[in-house]
Amino acid sequence: MSERTVPSRTVLLRRGEVHSPADPFATAMVVERGQVAWVGSEGAADAFADGVDEVIDLDGALVTPAFTDAHVHTTATGLALTGLDLSDAPSLEAALARVRDFAAARPHDRVLLGHGWDAARWPGGRPPARAELDAATGGRPLYLSRIDVHSAVVTTALLDLVPGLVTRDDAPLTGDAHHAVRATALGAVTPAQRTEAQRAALAHAASLGIGTVHECGGPEISTEDDFTGLLRLAAEDDVPRVVGYWAEQNVARARELGAVGAAGDLFADGALGSHTACLHEPYADAAHTGTAHLDAEAVAAHVVACTEAGLQAGFHAIGDAAIGAVTEGVRAAADKLGLARIRAARHRVEHAEMLTPDTVAAFAELGLTASVQPAFDALWGGEDGMYARRLGAERARTLNPFAALLRAGVPLAFGSDSPVTPLDPWGTVRAAAFHRTPEHRVSVRAAFTAHTRGGWRAVGRDDAGVLVPGAPADYAVWRTGELVVQAPDDRVARWSTDPRSGTPGLPDLTPGRDLPVCLRTVVGGHTVHVRPGE
């Protein structure tokens, strides 16, 4: 985890609403030496007013713990923010037009980079053909990742830069071919471009009230220089914290790079959108079951190695067969080392979309954290969404069962997988609370906890992600509408704390209402974002 100096200033925030279980009616908070020192009422705050270095008048604003995004690809997010983003392109023709404009505007780029196309949402459902991209770029190297980042379309000029790569048809590249062209494309990014992209991504995160990101790097995703450069940037600058995961089975190398786990996107399979998630039964729209990258034996060996080294293990697993292989492997590791050691290590599974009652129970038994992305359901769920097209409506309705995970006692950590879906913490909370399949919905409070305290717990910290004395002063200040406390008999709220216990309210996130606006973000007492004009 990135570290930074401890600020010496003492700050009093007053005349607001402070979301703290220490005092459900708190309107003020004192921050000292990077920690929350006190929370309480406005009248009691007068005792601190003369002994602080700064007083911030909240003017009725809401103060909450800063969000933690538990799955981010920071450089790729920054490149999408500063480069070619096709995530909202309405058609193939519109996407090709954007490629032409981008190529014309970036005449000196060695390789043109873009992200976010999703042919499943375009009329006709067809991805760009190589000849179309060659024409749009004037024959220059181009790499365009699909929205799930598990396949890509490229130009002939980029293929020519990858020695020995042979493609049999014009289909999007997946698997080893995709990894090869991605490595070549990202290898063309200069150190200056990389740092610019990282700064842009972290600044954007801070502007959304995100105080910590879990960077999911790895040799098939980024580079060692990218990973260590990001950790160094986060340690030296006033930006959100970065917790690094390195997805490699070489546990010693992950430790050398400063990772807290040989985890993150260590691929057990691929993604549903690219037909590479590994399933027990064939896809509804393809006559195969996807791709398996790790079996239970390999999972067990990695979990044992990580546990013995004192690091977290973790796996990217989306399809039901891949998740089954992971749980089988972790159970085998528990048989060897003892269940208590495995549970204490807090190993994690990324995405975990296609769960069954048996695998939910296995997560609970083995102490696995489910690092999940509610925006996936918002984007791809529903009777007519990508999930239903890939799996059929019946299987699609089983995906992302957040309520079942919470009922079983499985720790949840929410994230975005940015740039797959945007950094959008309140939107993520809304997506979980208004899941497209009603039985999978959780309360706003449970979703908020998964996106704040849940991310800290996922890295082994139980003392953070909540505004109580002694906790890290990671908080955000929000301009928001009415605060609501869900009634205890509300079916959606059954996993919330009973409001009669004195738990403070949260914003009304009913679809159609405006989301809160971040006015200030503070990390460890350091201000990393102030909204212009505030």
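- Residues satisfying the salt bridge (Lys or Arg N to Asp or Glu O under 4.0 Å) test with Glu256, not counting sequence neighbours, are Arg253.
- A distance of 10.0 Å separates CD1 in Ile147 from CG in Asp88, rounded to the nearest 0.5 Å.
- In summary, the side chains of Ser87 and Asp85 do present a donor paired with an acceptor at a separation below 3.5 Å, with no hydrogens or angles considered.
- For Phe315 and His347, the distance between ring centers is not under 6.0 angstrom.
- For Asp237 and Arg199, the salt-bridge test passes: some basic side-chain N is under 4.0 Å from an acidic carboxylate O.
- Looking at Thr156, Leu144, Leu112, Val154 one by one, the single match for side-chain contact (heavy atoms from CB on, under 4.5 Å) with Leu133 turns out to be Leu144.
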* Could you go through the side chain to side chain contact (heavy atoms under 4.5 Å, CB included) check for Thr212 and Val523 one step at a time? => CA-CA 8 Å; Thr212 301; Val523 176; 5.6 Å; no
* Pair Ser418-Thr77, side-chain hydrogen bond (donor to acceptor under 3.5 Å, both in side chains): steps then yes or no -> CA-CA 6 Å; Ser418 180; Thr77 297; 2.8 Å; yes
* To do: Let me see the working for Arg343 and Leu368 under side chain to side chain contact (heavy atoms under 4.5 Å, CB included), right down to the final yes or no.
  => CA-CA 7 Å; Arg343 288 180 61 87; Leu368 294 173; over 6 Å; no
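- Using a 4.5 Å cut-off on side-chain heavy atoms (C-beta onward), Val522 and Asp474 make no contact.
- Nearest approach of Val189 to Arg194, heavy atoms of both residues: CG1-N, 3.7 Å.
- Of all the heavy atoms in Val72 and Ser416, the pair that sits closest is CG2-OG, 4.2 Å.
- Counting only distance, with no hydrogens or angles, the side chain of Asp269 and the backbone of Ala277 share no donor-acceptor pair below 3.5 Å.
- For Val468, the side-chain contact (heavy atoms from CB on, under 4.5 Å) test picks out Ser20, Pro21, Ala22, Val466, Ala471, with sequence neighbours left out.
- Listed by first and then second residue, the side-chain hydrogen bond (donor to acceptor under 3.5 Å, both in side chains) pairs that reach into residues 420-430 come to none, sequence neighbours excluded.
- In this structure a side-chain-to-backbone donor-acceptor pair under 3.5 Å is missing from Asp238 to His526.
- Put simply, CZ on Arg457 and OG1 on Thr68 are 12.0 Å apart, with the number rounded to the nearest 0.5 Å.
- Side-chain contact between Met354 and Leu279 is present, with at least one heavy-atom pair separated by less than 4.5 Å.
- The structure places OG1 of Thr190 at 9.0 Å from CG of Asp109, a figure rounded to the nearest 0.5 Å.
- Taking all atoms of both residues into account, the shortest heavy-atom contact from Leu173 to His178 is O-CB, 3.5 Å.
- In terms of modelled atom types and a separation under 3.5 Å, the side chain of Arg110 and the main chain of Ala188 share a donor-acceptor contact.
- Take Asp463 and apply the salt bridge (Lys or Arg N to Asp or Glu O under 4.0 Å) test, not counting sequence neighbours, and it matches Arg461.
- The shortest heavy-atom contact between Met29 and Val63 is CE-CG1, 3.9 Å.
- Heavy atoms from other residues, nucleotides or ligands lying under 6.0 Å from CZ of Arg341 number more than 12.
- Counting heavy atoms from C-beta on, the side chains of Leu165 and Val181 come closer than 4.5 Å.
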* To do: Go through the steps to decide whether Val99 and Leu142 satisfy the test side chain to side chain contact (heavy atoms under 4.5 Å, CB included), and finish with yes or no.
  => CA-CA 9 Å; Val99 170; Leu142 168 73; 4.0 Å; yes
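- Relative ring orientation between His316 and His150 is described as tilted, the plane-to-plane angle lying within the 30° to 60° band.
- With hydrogens and angles ignored, the 3.5 Å screen pairs a side-chain donor or acceptor of Asp320 with a backbone N or O of His280.
- Donor-acceptor pairing under 3.5 Å is lacking for the side chains of His529 and Ser207.
- Taking the side chain as every heavy atom from C-beta outward, Tyr475 and Val36 never approach each other to under 4.5 Å.
- Summarising the geometry, atom CG belonging to Leu186 is positioned 8.0 Å from atom OG1 belonging to Thr223; distances are rounded to the nearest 0.5 Å.
- For Pro141, the side-chain contact (heavy atoms from CB on, under 4.5 Å) test picks out Val111, Ala157, Leu158, Leu161, with sequence neighbours left out.
- In this structure, Glu297 places its CD atom where only 12 or fewer heavy-atom neighbours from other residues, nucleotides or ligands lie under 6.0 Å away.
- Within the structure, every pair that satisfies the side-chain hydrogen bond (donor to acceptor under 3.5 Å, both in side chains) test and touches residues 359-374, not counting sequence neighbours, is listed here: Arg331-Glu365, Arg348-Ser371, Glu350-Ser371, His351-Gln373, Thr356-Thr359.
- A side-chain donor-acceptor contact under 3.5 Å links Thr327 to the backbone of Gly324.
- Using a 4.5 Å heavy-atom cutoff, the side chains of Tyr245 and Gln312 are in contact.
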* To do: Take Thr75 and Gln198 through the test side-chain hydrogen bond (donor to acceptor under 3.5 Å, both in side chains) and record every step on the way to the result.
  => CA-CA 5 Å; Thr75 302; Gln198 291 172 348; 3.1 Å; yes
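- Not less than 6.0 angstrom separates the ring centroid of His73 from the ring centroid of His214.
- Between Ala205 and Val213, the shortest heavy-atom contact is CB-CG1, 4.5 Å.
- A donor-acceptor pair shorter than 3.5 Å can be found between the side chains of Asp265 and His71.
- Here the CZ-CG distance, from Phe363 to Leu405, works out to 7.5 Å after rounding to the nearest 0.5 Å.
- Salt bridge status for Asp462 with Arg346: present, with a side-chain N to carboxylate O gap under 4.0 Å.
- Side-chain contact check for Glu248 versus Leu266: every heavy-atom pair is 4.5 Å or farther apart.
- The shortest heavy-atom contact between Ala201 and Thr74 is CB-O, 3.3 Å.
- Separation of atoms CH2 (Trp478) and CG (Leu515) is listed at 9.0 Å; rounding is to 0.5 Å.
- Partner Phe414 forms a ring pair (Phe, Tyr, Trp, His ring centres under 6.0 Å) with one of Phe402, Phe448, Trp456 and no other, that one being Phe402.
- Residues Ile221 and Trp246 have side chains not in contact (no heavy-atom distance under 4.5 Å, counting atoms from C-beta outward).
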* Worked check of side chain to side chain contact (heavy atoms under 4.5 Å, CB included) between Thr10 and Arg33 -> CA-CA 7 Å; Thr10 301; Arg33 297 192 57 78; over 6 Å; no
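- Between Leu272 and Glu353, some side-chain heavy-atom pair lies under the 4.5 Å cut-off.
- Distance alone, capped at 3.5 Å, places no donor-acceptor pair between the His302 side chain and the Ala263 backbone.
- Of the possible donor and acceptor atoms, none in the side chain of Arg130 sits under 3.5 Å from a partner among the backbone N and O of Pro172.
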